[in-house]
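Let me begin by presenting the structure, written as C-alpha cells, before commenting on it.
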Protein chains: 4
Amino acid sequence: MAVRLFKPDHYHHTLGSHPPVLTIQPGDTVITTCVDARGFDEHDQPVTPRGNPMTGPFFIEGAEPGDTLVIKLEHLRPNRRRGWSGVLLAPNVVEPTDAGRLAQAGGYFVWDWEVDAKAGTARLNHPASPLHGLVLELEPMLGCFGVAPEGNQAISTATSGPHGGNMDYRGFREGVTVYFPVFVPGALFFLGDGHALQGDGEICGTGIEVSMEVRFSVDLIKGQKIEWPRGENEEYIFTVGNARPLDQCVQHATSEMLRWLEQRGLDTTQASLLMGQGVRYDLGNVFDPAYTMVCKMPKRLLERLLGLQTS
Amino acid sequence: MAVRLFKPDHYHHTLGSHPPVLTIQPGDTVITTCVDARGFDEHDQPVTPRGNPMTGPFFIEGAEPGDTLVIKLEHLRPNRRRGWSGVLLAPNVVEPTDAGRLAQAGGYFVWDWEVDAKAGTARLNHPASPLHGLVLELEPMLGCFGVAPEGNQAISTATSGPHGGNMDYRGFREGVTVYFPVFVPGALFFLGDGHALQGDGEICGTGIEVSMEVRFSVDLIKGQKIEWPRGENEEYIFTVGNARPLDQCVQHATSEMLRWLEQRGLDTTQASLLMGQGVRYDLGNVFDPAYTMVCKMPKRLLERLLGLQTS
Amino acid sequence: MAVRLFKPDHYHHTLGSHPPVLTIQPGDTVITTCVDARGFDEHDQPVTPRGNPMTGPFFIEGAEPGDTLVIKLEHLRPNRRRGWSGVLLAPNVVEPTDAGRLAQAGGYFVWDWEVDAKAGTARLNHPASPLHGLVLELEPMLGCFGVAPEGNQAISTATSGPHGGNMDYRGFREGVTVYFPVFVPGALFFLGDGHALQGDGEICGTGIEVSMEVRFSVDLIKGQKIEWPRGENEEYIFTVGNARPLDQCVQHATSEMLRWLEQRGLDTTQASLLMGQGVRYDLGNVFDPAYTMVCKMPKRLLERLLGLQTS
Amino acid sequence: MAVRLFKPDHYHHTLGSHPPVLTIQPGDTVITTCVDARGFDEHDQPVTPRGNPMTGPFFIEGAEPGDTLVIKLEHLRPNRRRGWSGVLLAPNVVEPTDAGRLAQAGGYFVWDWEVDAKAGTARLNHPASPLHGLVLELEPMLGCFGVAPEGNQAISTATSGPHGGNMDYRGFREGVTVYFPVFVPGALFFLGDGHALQGDGEICGTGIEVSMEVRFSVDLIKGQKIEWPRGENEEYIFTVGNARPLDQCVQHATSEMLRWLEQRGLDTTQASLLMGQGVRYDLGNVFDPAYTMVCKMPKRLLERLLGLQTS
C-alpha cells in the first residue's frame, strides 16, 4: 500500500511491451505527471515529440494475462497555466458537403487557453477572436491511457482498442475506477493526454490540452478475464467499446455489459431486460481511427435488482 | 390559440401525404391519444394493425415547404395500465458472435408491465421471471413522431429521416419543444409510439410500450428552413441526425448544430470552438433501419457567449 | 405472350402504389422508353422534373405479395445523342480531408457527351477540357428500377431498398434477368435512369445519363418469397443488398445468397463452404442515401456441385 | 540483381520493427517459403504458433521513410498437399438474425482440401460431407504481407492498415506488382498467409490455407510518398484502402487513386471525370478487424487518355 512518486524522463508514443519505468504492487498509489498531447511539460517546454506521449509503463507485480487491472484515478489536476485546443470541427464529424467550407475557414489550427486549476476555469486567450475571454469550467480527464495490447503489438497512442488507448471519454475523470484486461505479464500501464476539459466526441480533434499531475491507485483481480475496458463511478458501472463505425463500438460495449451482468449472476434474459429499459450510452472519441462508445448501467437499478433476487 | 380535442378513429403506418384529420392554427393546442406500437388503445383493445400506428396527420394552416414547424409536448401520460416490452437484446446491438446465444435464449418475445401513471411507476408483471415485481420509474416519451417527408414520399413508421419518424429518443418527453422541417403544405404532423420509459438505444427493440394521452401545442416559423429535426429543453438546444451508421447520424446532427449556431450569428470558427469544448451527444434508436444521434449544446454556454459578444 | 408498346406521358419520382399505366400478363414483353435522370426525353426536351423520373408502374396480373417478379432486360439502347455526367468525385467517396479541395475544384457540375448508340461510343463534348474528345465504350444499363415497396410506402427514386430502386449497378444491363419481391397486388414495376455507361459506385454522382429505349419481358414465380432483389446472367447468379454502411449491404446480399442456395437444396454448411471459396462481390451505388453491394456465385460452380450431389 | 534464397527459421505475428532476417538490394529477387495461417510448414508440421505467421522481415537497403517499396510477386505456389478452410460463414458477414442459425450449424470449424499444385486444383477431402470430392481451380495468392507500420507500431497480422497486412485480396497473385509506403529505414518487408484460392471477402474466415513457396523481386522508388498500398497488373492500376466500415475503405482507396492520377499529371477534374466513368472496385477482406476495398483503373483507359493529352 505504498505511495510511489515517479517523475518521468522519457515517454512512449505506442502502448506496447516497453521496458517498465517502475514496478508497483497491487494496492500501491502512484503520484506522477503527464506531458500534454504535443509533448510539452509543466514548464511548457517540449520534452518529447508530439502525439499523446505516455508516462510509463508501470509494471504491476503479479499481473498475468487473463487478469483484470484496476486503476482508480484519485487525483487529476492541470499543472501549468497554458492549455490549447483545436478550433475547427474535424472534417469527418460533419456532413461531407460541409468539409469544404471548414477547409475554407482555415483548416486545422489551435488557440491558447489560460488554465487556472485553483479557480477551476479555462479562459480563452486569443485576442483576435470575439470569443477571447470565454470562460469554461474545468473537468480534468485523461484522454489516453491503458495497457500493453494483446499479441505483442505496439499500438499508436492516436487510436484505441480492447487495451484502452486514446478513448477521449469525459467520464475518465477524478474518482473513476477503470478496469483493463491484462494481456502481458505486469500489465504495463501507460497514461497521458490530459484534458482540462473536453466536449463529447473530441470533435475539434482536441480537448483543452494541458500537462497534468496525476495520482492513481492500482489493484488486481486475479483470474477475471474481461474483453474490453470497464469502469465504475458513483452512479454507474460502464463498459467501453473502441472500434469503427460507432455501431461496432455499441456492439462491443453492449456485449461487454451483458457479460458483466452475467458474471454477476443474471441470466441472459434478466440482463437483457434490465439493459433494455435501464441502459445509457455516452460518446467518447469520434475523431481518431477508432471511435468510442460507453454503455452505462445505473448502480441503483442493479442494487434494487439484487435486492429483489435475494428476497 | 384554441384548444382542440381530437379522438382518432383511424391510424397510419407511414408518414406521408395522407388526408388530414384536423386543421389547426399556429398557436393551437391539441389534446389527443395514441395507441401503442401494436395498435392497442386505452382499453387495451386492438384497433389497428401493429407497427407504430400514427395519430394524425394534423394540417397546420399556413405551413409551407421551407418553414419550420414547432411542436411543444406539453403533456404525455400513459392512459392504461398494461405496458409491454421486448425482453432480449436485439441481435444487431451485440457482437455478431453473441447473436447466436441470444437466439438460443429464445429470440424475440415480450413481457407485460403494470403501468401506474399516478404513482409514476412500471412494475414487471411476469411471475415466471425472477425479476417479477421489478419497479422502474416512468419517463413517458414519444418514440415516433414527425411530418410528411420530402418529395411525396410515404415512409414507414419503423424508420426515421429528416422528417422525424421512429427516433426513440428519451429526450422527447414532456416539456420538450421540437422543430421539424416542413416539406408539404400544412406540414402534416403525426404522432404515436408512446413509451412509459425506455433505455437509450431501444436495444431490446421496444421501450415499455403503452397507449398515451398527449397534449401538444403547435407553432410555425415562417421562412426558416432547417435540414434535420431540432429541439430545446430547459438545459439544452439539440439537433437530431437519423441515418446509418451512427457515424453518419453524428455528421448530420453536428452539421445541423453548426448551421443553427451560424444562424444565430456565430461564424464557423466561433461555432466550432464552442461545440468542440461544450457539445454533448445522446443516443436514440439503434434498433431500426435508421439510427439516431442527438447533438446538444448547453443553453448556459450559449447565453454566456452571447453575453460576451454584446459586451 | 403479347408484345406491348407503351409510350409514357407522365412519370413518378417515388416507387409507390401509384395508378398503373398498363396491365400486363406474365410472359408479356413491353417496349417503352425512359427519360434521363433530369427528366429530358429522346428529343432532349424536359418533360418532367429531375430526380430519376420513372416510367410506369406496370401492373402484372396475378402478382400477389409473397410472389417473385421476374424482369428480363432484353434490350437497352440510348435513344438520343446528348448524354451528360457529373465531373467531380462526390465528397462522401473520398477521405474527409479531400472534400475541401474538391469543393475548391468547383463542386458539383456536369459536362456533355456525344452518345452514338450505333457505334457504341460516348465522346466527351466539352471543348474547354483537355479531355474533350475522350471516347468510352457504351455499356447501357438501368440505374433505377424496381417495384412498389412494402407497407404502402412511397420511396424516393434517389435511394434503394428491398424493393430495388436507385441501385446503379453496372450488371443491370441487356441480357440480365432480375427478380424482385412482390409487396403489393400487381407488383407495380417502375423503370428509368438510363446510363450509357457508368463506373462502379457512381462516384461522381452520375453515369453518362441519357434517355433510353427499353424492351423487357415479365414473368412471375408464384409463392416464392425473396427478401432482396436477385439476378442472373450468363455466368453468375447474384443477390443485391441496399443499405448503409456497405458492411450492411454485404450482410443482406450474403444472407440472401445463403437463402437462395438453401432453397436450391444445399444445407447451411454446404452453401457456406461453397460461398466461402467461390463468391464474388460487385459494388453498386456509393453516392446515394443507401449503398449497394452485389453477391455473385458462378453458375459453373453450382452446376458442378449439383452434379456432385446427384451422383 | 542477385537472387537470394532464404529459408526461415522463425516467424512473426506482428508487422513491426523486428530484427531483419536478410538484407537485400533494390533489384534483388528472393526465393523463400511461408508457413500456413496456423503455422504449419511444407511438411505439414507445426513450427510456430497460429495467426498468420510472417516470413521476414527483409531489410531493403536504401529504403527510407517517404520512399515507396516495390514488390513483384513473381511466383506463388503451394508447397504441400494438405490445405484447409473454414466451413461456415462468419457471423459478421450475414444479417444479425442469421448469426443464430450459423451458430446452430456448428460455429467455426475447418475441413481439409487436397491441393495439387501441378494439376492446379484443390479437392475437398471430407468424406462425411456431400461435397466431398468437390474440385476447385487454384488461384494462389498471399493473404497477408506488408511493411513495418508508422510510428514504431507493431500491428497484429490479423488486421491491416496503410502498411498492408491481412488484406486477403484475390488480386495479390502471381504477376502482380505491389507498392507499399516505407515508414522505417529498410522498409522491413514481411509475407505469409498463403491461400491456394479464396472467394472475395474471405467470408468463411479463411481461403484454402496452405504453405507456399514464393519468389518476389524488390525495387525502390526514392522520394515518392504514397499513403496506402498500390498495385498494378496487366489490365489495371489499383489502390487499397484498409479500414472499417467498408465505406471508409472506399474513401481511402478512392482518394489514393485520385492522388495517383494527379501525380501522373491529371488535374482534379480530369482525374475525377475519368474515375467516375472508368473505375472498378474489388472487395478484399470483410472478416477481420479492418476490411479492404480496392479501387482499380483500366490501364487501357489511362493510356488512351495520355495519348489524348500528348496529341
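Letters A, B, ... mirror the listed sequences (proteins, then strands); counts begin at 1.
- Ranked by heavy-atom pairs under 4.5 Å with chain D, the list C:P245, C:A122, C:P96 is led by C:P245.
- Remark: D:S129 OG to C:L273 CG distance equals 7.0 Å, nearest 0.5 Å.
- With a 4.5 angstrom heavy-atom cutoff, D:M257 does not touch chain C via any of its atoms.
- From D:L301, atom CG reaches atom CG of C:L136 across 6.0 Å, with rounding to the nearest 0.5 Å.
- Chain D forms more heavy-atom pairs under 4.5 Å with one residue of C:D200, C:L283, C:I203 than with any other, namely C:D200.
- Proximity to chain C is absent for every atom of D:D282, based on heavy atoms less than 4.5 angstrom apart.
- The parts of D:T206 that come within reach of chain C are both its backbone and its side chain, each placing non-hydrogen atoms under 4.5 angstrom from that chain.
- Judged by distance alone, the side chain of D:S272 and the main-chain N or O of C:L89 form a donor-acceptor pair under 3.5 Å.
- Comparing D:L258, D:T268, D:V250, D:V279 by heavy-atom pairs within less than 4.5 Å of chain C, the highest count is held by D:V279.
- The parts of D:D247 that come within reach of chain C are both its backbone and its side chain, each placing non-hydrogen atoms under 4.5 angstrom from that chain.
- Of all the heavy atoms in D:C204 and C:G276, the pair that sits closest is SG-CA, 3.6 Å.
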**OP:** Check the pair D:Y281 / C:L246 against side-chain contact (heavy atoms from CB on, under 4.5 Å), numbers first and verdict last.
**Re:** CA-CA 13 Å; D:Y281 289 89; C:L246 280 172; over 6 Å; no
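- Contacts classified as salt bridge (Lys or Arg N to Asp or Glu O under 4.0 Å) and involving residues 121-138 of chain D (residues at least two apart or in different chains) are given here: C:R300-D:E137.
- The most heavy-atom pairs under 4.5 Å with chain C, out of D:Q198, D:R170, D:H195, come from D:R170.
- Chain C forms more heavy-atom pairs under 4.5 Å with one residue of D:V286, D:T97, D:T269, D:L274 than with any other, namely D:T269.
- With a threshold of 4.5 angstrom between heavy atoms, D:Q248 does not approach chain C through any atom at all.
- Between atom CD of residue D:Q251 and atom CG of residue C:D98 there is a gap of 9.5 Å, rounded to the nearest 0.5 Å.
- Rounded to the nearest 0.5 angstrom, D:Q277 CD and C:I208 CD1 are separated by 4.5 Å.
- Close approach to chain D, defined as a heavy atom under 4.5 Å from one of its heavy atoms, is seen in no residue of residues 235-242 of chain C.
- Between chain C and the options D:D267, D:V94, D:T254, the largest number of non-hydrogen pairs under 4.5 Å is found for D:V94.
- Using a 4.5 Å cut-off between heavy atoms, C:E139 contacts chain D through its side chain alone, with no backbone atom that close.
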**Asked** Can you list the steps and then say if C:M275 with D:V93 is a side-chain contact (heavy atoms from CB on, under 4.5 Å)?
**Response** CA-CA 12 Å; C:M275 290 171 67; D:V93 305; over 6 Å; no
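- With hydrogens and angles disregarded, a donor-acceptor distance shorter than 3.5 Å links the side chain of C:S255 to the backbone of D:E95.
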